[in-house]
**Student:** 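One structure, pasted below without further comment.
Heads up: numbering here begins at 1 and tracks the sequence.
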Amino acid sequence: MKLKFPIKEYWKPFWKKTIIKLGVIMVVTGVYVFLMAPDKLFSVLIKRPGLWIIILFVYTFLSVWPQEIIYRTFFYERYEGLIGNKWLFIFINAILFSLAHLFLGSFLVQVLTFVGGLLFAYTYQKTKSTTLVSIEHAIYGNWLFTVGMGEMLAFPGPG
């Protein structure tokens with residue numbers, strides 16, 4: 001398995017697409033938290049900013065990076081040649097990524113990790129970059145903690 005830095009041409013379109021997707025994610029999840037649990041909206045950021053910083057760091061480096069090495073880099077290198085249809089392969093990857101989160105015991109987690117899995121597999125399919133897909137994963141996931149979805153997703157809240 002070879003981890004390589006993304007080629008220069010991928011960076012600009014990556015940021016453009018990621019920012020657009022993030023905007024959609026921000027609106028949808030912001031409205032969701034506001035309607036479903038308004039007391040959670042930005043609660044960790046406001047009530048426990050130190051914990052919020054720790055969550056962002058720990059999530060990014062101890063959760064996102066290993067997940068992307070396993071579910072995109074390794075999985076693609078090992079199994080991509082077995083499935084001829086790239087869309088089917090992205091779908092399978094997203095299902096497996098979602099199933100890996102079953103232990104959290106949340107339907108919301110299953111839905112979000114499936115959708116995230118589709119986005120991340122598509123990005124990896126296009127770029128073959130663990131770096132880019134990890135950045136994308138960290139941005140979206142950290143937003144979910146920031147907006148207040150952490151407790152909804154079985155992670156610690158402001159207490």
**Student:** Looking at CD1 of I83 and CG of L88, how far apart are the two atoms once the value is rounded to the nearest 0.5 Å?
**Tutor:** 5.5 Å
**Student:** Would F103 and L153 show up in the same hydrophobic cluster when neighbours are defined by side-chain heavy atoms closer than 4.5 Å?
**Tutor:** yes
**Student:** What pairs of residues pass the salt bridge (charged side-chain N to carboxylate O under 4.0 Å, His left out) test when at least one of them lies in residues 95-107, not counting sequence neighbours?
**Tutor:** none
**Student:** Side-chain heavy atoms nearer than 4.5 Å, only ILVMFWY residues, links allowed to pass through others: does that put F42 and L35 together?
**Tutor:** yes
**Student:** Given the side-chain rings of F114 and F91, with only the six-membered ring counted for Trp, is the space between their centroids under 6.0 Å?
**Tutor:** yes
**Student:** Quick one: CG on N85 to CD1 on I90, what's the gap to the nearest 0.5 Å?
**Tutor:** 9.0 Å
**Student:** Transitively linked via ILVMFWY side-chain contacts under 4.5 Å: I54 with L62?
**Tutor:** yes
**Student:** Can you confirm whether M149 sits close enough to Y32 that some side-chain heavy atom of one is under 4.5 Å from a side-chain heavy atom of the other?
**Tutor:** yes
**Student:** Can any side-chain N or O of S43 pair as donor or acceptor with the backbone N or O of K40 at less than 3.5 Å?
**Tutor:** yes
**Student:** Test L22 against Y140 for side chain to side chain contact (heavy atoms under 4.5 Å, CB included), laying out the working first.
**Tutor:** CA-CA 7 Å; L22 177 62; Y140 304 156; 4.0 Å; yes
**Student:** Determine, stepwise, if the pair F89 / Y79 fulfils side chain to side chain contact (heavy atoms under 4.5 Å, CB included).
**Tutor:** CA-CA 9 Å; F89 192 73; Y79 301 112; 4.0 Å; yes
**Student:** So if I apply the side-chain contact (heavy atoms from CB on, under 4.5 Å) rule between F75 and each of I92, I70, I69, which one comes out positive?
**Tutor:** I92
**Student:** Check F97, W65, Y124 against H137 for a ring-ring contact (aromatic ring centres under 6.0 Å, His included) and give me the one that passes.
**Tutor:** F97
**Student:** When rounded to the nearest 0.5 angstrom, what distance separates OG1 in T146 from CH2 in W52?
**Tutor:** 5.0 Å
**Student:** Heavy-atom distance under 4.5 Å between the side chains of V44 and F145, does that happen here?
**Tutor:** no
**Student:** Output yes when E136 and R72 qualify as a salt bridge under the 4.0 Å nitrogen-oxygen rule, no when they do not.
**Tutor:** no
**Student:** How many angstroms lie between atom CD1 of I19 and atom CE of M26, to the nearest 0.5 angstrom?
**Tutor:** 10.5 Å
**Student:** Write down the atom of G117, the atom of N93, and the distance for their closest heavy-atom approach.
**Tutor:** O-OD1, 4.3 Å
**Student:** Membership question, hydrophobic clusters at under 4.5 Å side-chain separation (ILVMFWY): are L51 and I53 in the same one?
**Tutor:** yes
**Student:** Quick one: pull up CD in E151 and CG in D39 and give me the separation to the nearest 0.5 Å.
**Tutor:** 8.0 Å
**Student:** Would K21 and T123 satisfy side chain to side chain contact (heavy atoms under 4.5 Å, CB included), going step by step from the backbone distance to the final call?
**Tutor:** CA-CA 12 Å; K21 289 184 272 186; T123 295; 3.8 Å; yes
**Student:** Check step by step if side chain to side chain contact (heavy atoms under 4.5 Å, CB included) holds for V33 and M152.
**Tutor:** CA-CA 9 Å; V33 175; M152 295 176 186; 4.1 Å; yes
**Student:** Rounded to the nearest 0.5 Å, how far does CD1 of I95 lie from OG1 of T113?
**Tutor:** 9.5 Å
**Student:** Does any N or O in the side chain of Q110 come within less than 3.5 Å of the main-chain N or O of L102, such that one atom is a donor and the other an acceptor?
**Tutor:** yes
**Student:** K128 and salt bridge (Lys or Arg N to Asp or Glu O under 4.0 Å): which single residue from E68, E77, E80 fits?
**Tutor:** E80
**Student:** Given the side-chain rings of F14 and Y10, with only the six-membered ring counted for Trp, is the space between their centroids under 6.0 Å?
**Tutor:** no
**Student:** Please work out which of the three classes, parallel, tilted or perpendicular, describes the rings of W87 and Y122, given edges at 30° and 60°.
**Tutor:** parallel
**Student:** Does some side-chain heavy atom of V133 sit less than 4.5 Å from a side-chain heavy atom of T127?
**Tutor:** no
**Student:** I'd like to know if the side chain of T60 reaches the main chain of L56, judged simply by a donor and an acceptor atom lying under 3.5 Å from each other, with no hydrogens or angles considered.
**Tutor:** yes
**Student:** Do F61 and F120 share a hydrophobic cluster (ILVMFWY, side-chain heavy atoms under 4.5 Å, transitive)?
**Tutor:** no
